[in-house]
J.: 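A single structure is presented below for examination.
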Amino acid sequence: MAHTQPALPYAQDALEPHISANTLSFHYGKHHAGYIKKLNAAVEGTDLAGLSLEELIAKGPSTGVFNNAAQTYNHTFYWNSLSPNGGGEPTGKVADAINGAFGSFEAFKAAFTSAAGTHFGSGWGWLVKDADGNLSVTSTHDAGCPLTDGLTPLLVVDVWEHAYYLDYQNRRPDYLAGFWQLVNWDFVAQNLG
Ligand code: MN
């Protein structure tokens with residue numbers, strides 16, 4: 001079963017001015033597509049070929065295909081974390097869960113921005129839920145994915161330089177400010193369950 005790249009859930013220019021069509025054309029069309037192509041080449045003809053992305057990620061880095069499997073998963077999760085109709089503050093159960101865990105939306109936003117903004121090098125900033133339903137903010141290095149720690153991802157931001165360098169150069173804080181204008185709270189609600 002070959003892994004396929006899901007269609008972007010919006011047009012490539014739909015996230016402008018925060019994320020440009022130029023960035024998405026490379027990020028979705030080259031980086032994400034490249035991880036999927038390498039993943040398929042690596043699992044073809046092996047006993048890993050029938051496994052889902054989640055199953056490959058759960059096996060951890062020892063399989064040798066972890067990086068491409070997790071980057072495939074993480075990027076699809078990132079596209080879905082964004083929406084041209086996103087931004088603002090969550091409502092309903094997401095607001096309740098965030099307020100319960102962090103005290104306020106502003107406190108959550110500060111914690112998430114700090115985790116993503118101070119993450120050293122390539123990686124990802126996440127809002128996650130543990131098996132007891134507790135929410136927390138974390139970051140992972142390179143292809144790291146919370147699924148390997150038994151955590152449920154709720155929201156992600158890509159902080160690899162390729163996610164923002166064309167639009168913001170070294171200014172990751174400006175990219176993160178744009179990210180908050182795009183957060184797809186409906187997707188977060190869906191993941192919260
Ligand atoms: Mn990326």
Side-chain angles (χ1 to χ4, degrees), residues 2-43 52-54 56-57 60-61 63-84 86-87 112-128 137-149 151-184 187-188 191:
H3 299 274
T4 55
Q5 185 177 28
L8 264 185
Y10 32 75
Q12 287 200 354
D13 63 358
L15 304 183
E16 294 188 343
H18 308 297
I19 298 174
S20 69
N22 192 31
T23 288
L24 281 185
S25 73
F26 282 96
H27 199 178
Y28 174 81
K30 302 295 183 186
H31 291 276
H32 192 201
Y35 293 125
I36 297 166
K37 187 176 180 184
K38 288 175 188 164
L39 173 63
N40 282 326
V43 300
S52 69
L53 284 179
E54 289 84 351
L56 289 170
I57 293 167
T63 58
V65 304
F66 175 84
N67 284 344
N68 286 312
Q71 285 295 78
T72 296
Y73 176 92
N74 291 355
H75 279 91
T76 298
F77 205 88
Y78 172 62
W79 311 134
N80 288 323
S81 291
L82 305 173
S83 169
F112 188 97
T113 301
S114 177
T118 64
H119 178 84
F120 187 80
S122 297
W124 303 82
W126 303 87
L127 174 66
V128 297
V137 160
T138 189
S139 67
T140 58
H141 285 277
D142 300 325
C145 179
L147 291 176
T148 55
D149 297 321
L151 298 168
T152 300
L154 303 180
L155 175 70
V156 75
V157 63
D158 188 342
V159 295
W160 284 59
E161 284 188 344
H162 67 226
Y164 59 88
Y165 212 85
L166 291 174
D167 295 332
Y168 298 96
Q169 294 76 51
N170 61 321
R171 304 189 309 278
R172 191 189 292 180
D174 292 351
Y175 161 65
L176 293 173
F179 166 78
W180 288 114
Q181 305 300 313
L182 299 170
V183 171
N184 183 351
F187 181 62
V188 178
N191 296 324

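Order of listing sets the numbers, starting from 1, for every ligand and every atom in it.
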J.: Please report whether the ring centroid of F77 lies less than 6.0 Å from that of F187.
T.: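 Yes, they do, as the ring centres are separated by less than 6.0 Å.
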J.: Can the ring centroids of F179 and F112 be said to lie less than 6.0 angstrom from one another?
T.: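 They qualify: ring centres under 6.0 Å apart.
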J.: Work out how many protein N, O or S atoms lie closer to the Mn ion (ligand 1) than 2.8 Å.
T.: 4
J.: For T4 and P6, work out which heavy atoms get closest and say how close.
T.: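 Scanning both residues, the minimum pair turns out to be O-CD, 3.3 Å.
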J.: Sequence neighbours left out, what passes ring pair (Phe, Tyr, Trp, His ring centres under 6.0 Å) with H162? Give chain and number order.
T.: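 Expected list: H27, H31, H75, W160.
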J.: What distance separates I19 CD1 from Y168 OH, expressed to the nearest 0.5 Å?
T.: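 Here the interatomic distance stands at 6.5 Å.
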J.: Applying side chain to side chain contact (heavy atoms under 4.5 Å, CB included) between L147 and each of V128, I57, L53, N74, report the one that passes.
T.: I57
